[in-house]
Structure formats: C-alpha cells, structure tokens
Amino acid sequence: MAEACWYVVHTYSGYENKVKANIEKTIENRNLGDLILEVRVPLQDVTELRNGAAKTVQKKMFPGYVLIHMVMNEDTWFVVRNTRGVTGFVGPGSKPVPLSETEVTNLSAQSDNIQADFQVGDAVVVINGICKDKQGVIRSINPNKRMVTVVVNMFERDTPVELEFSDIRKI
C-alpha cells in the first residue's frame, strides 16, 4: 500500500469548512477512513486589539485552501476532486504534488500574530504608563514588536513615545 502524504486542495473562498465537512461525510459513507486520514483547515490564533482590549480569535491561515492527509490513488483523487466546492489539487496540470516534510512541519508551527484596529495618523489616548491620559497621534507601528510610536505633547513640545499596543486606545 502506498504511503499517505499531505496534499493541498484549492476551494472556493469561504467554502473551506463546507469542503472539509463534505469530504469527511464522503469518507464515512464510502468507508475510506484508511485512505483519507485527515482533512484540515489550517487556523491560527490572532490577537486583535479593539479599543485597548485584546481578544484572541482564530483565522484561516490560507483562505481558499484545505489540507488533506491521504493515500493518493484514482479513487481518493476522484472523491476529493469531485467534492462540491473543490476547484482542484495544487500542482502542475492535473497531477497533485504532496507537501514536503519541511512544509508540513512549518504548517504545524503556530505563529502568534497580532492585528490592531489603528493605523498611522490615528488619534489615541495613552491608558498606561507615565504618559497616562495624554492624547497623541500614531507616527509608526511595529507589529513584530507590538509597539507604536505616538507623538504626545510634553513640556510644550511634541515628543515621540514608544508604547505597547495594549497601552493605547483609539479615540
């Protein structure tokens, strides 16, 4: 018996969970559990900051794609390819290409992303630290460090101050 590999399937955008459910139902109906081992919609935890409050939500890592761990043969290819919402396998022509071990390992590693509801030029108020209750304007945003540079008026001068995302709230 051939070895199971991970394959990427392209779907209509927004249909990833429906495709996953349809494939899982087909696996159950046709007794393909030993050939199609797992269907996954890769998700990642993203921390969103809204008005100074951090909230963790799950978002799709690759909108429009589903990962399938399966033994590739004519039957499994036909089942997956003819599932409603699937546009095809990722690969040249009609030949699916399995993911390498490195790619699978990289997909398993969760990255902690953060998205903020503010941008450069937004007016904010500082809610923590020595500049608490001062208003300012965002000059720059560094999402990797989760820091912003806010220009606040201190001692009658515009002074840039580096703050964490959680230290400010949009006005």
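What you see is a predicted model, and the numbers here were worked out from it, not measured in a lab.
Taking hydrophobic clusters as Ile, Leu, Val, Met, Phe, Trp and Tyr residues chained together by side-chain heavy-atom distances below 4.5 Å, Phe118 shares a cluster with Val120. Transitive grouping of hydrophobic side chains (ILVMFWY, heavy atoms separated by less than 4.5 Å) keeps Ile138 and Val151 in distinct clusters. By the criterion of side-chain heavy atoms lying less than 4.5 angstrom apart, applied directly or through intervening Ile, Leu, Val, Met, Phe, Trp or Tyr residues, Leu99 is not grouped with Leu37; the two fall into different hydrophobic clusters. Hydrophobic clustering keeps Val97 apart from Trp77 (ILVMFWY residues linked when any side-chain heavy atoms are closer than 4.5 Å, directly or through intermediates).
Proximity of a side-chain donor or acceptor of Thr87 to a complementary backbone N or O of His10 within less than 3.5 Å is detected. Asn82 contributes a side-chain N or O that, together with a main-chain N or O of Phe78, makes up a donor-acceptor pair within less than 3.5 Å. Thr83 places no side-chain N or O within donor-acceptor distance of the main-chain N or O of Val86, the cut-off being under 3.5 Å.
Just one residue in the list Ile23, Val80, Val90 forms a side-chain contact (heavy atoms from CB on, under 4.5 Å) with Val9, and that residue is Val80.
Taking 4.5 Å as the limit, every side-chain heavy atom of Val8 sits out of range of all side-chain heavy atoms of Phe89. Annotation: side chain of Val148 is in contact with side chain of Ile168 (closest heavy-atom distance under 4.5 Å).
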Do any side-chain atoms of residues 62-76 form donor-acceptor pairs under 3.5 angstrom with protein atoms, and if so which ones, sequence neighbours left out?
residue	atom	partner	partner atom	Å
Asn73	OD1	Asp75	N	3.0
Asn73	OD1	Thr76	N	2.8
Asn73	OD1	Thr76	OG1	3.2
Thr76	OG1	Val71	O	2.8
Thr76	OG1	Asn73	N	3.0
Thr76	OG1	Asn73	O	3.2

Could you give the side-chain donor-acceptor pairs of residues 24-32 under 3.5 Å, partners two or more places apart or in another chain?
residue	atom	partner	partner atom	Å
Thr26	OG1	Asn22	O	2.9
Asn29	ND2	Lys25	O	3.4

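To the nearest 0.5 Å, atoms CD (Gln119) and OG (Ser140) are separated by 13.5 Å.
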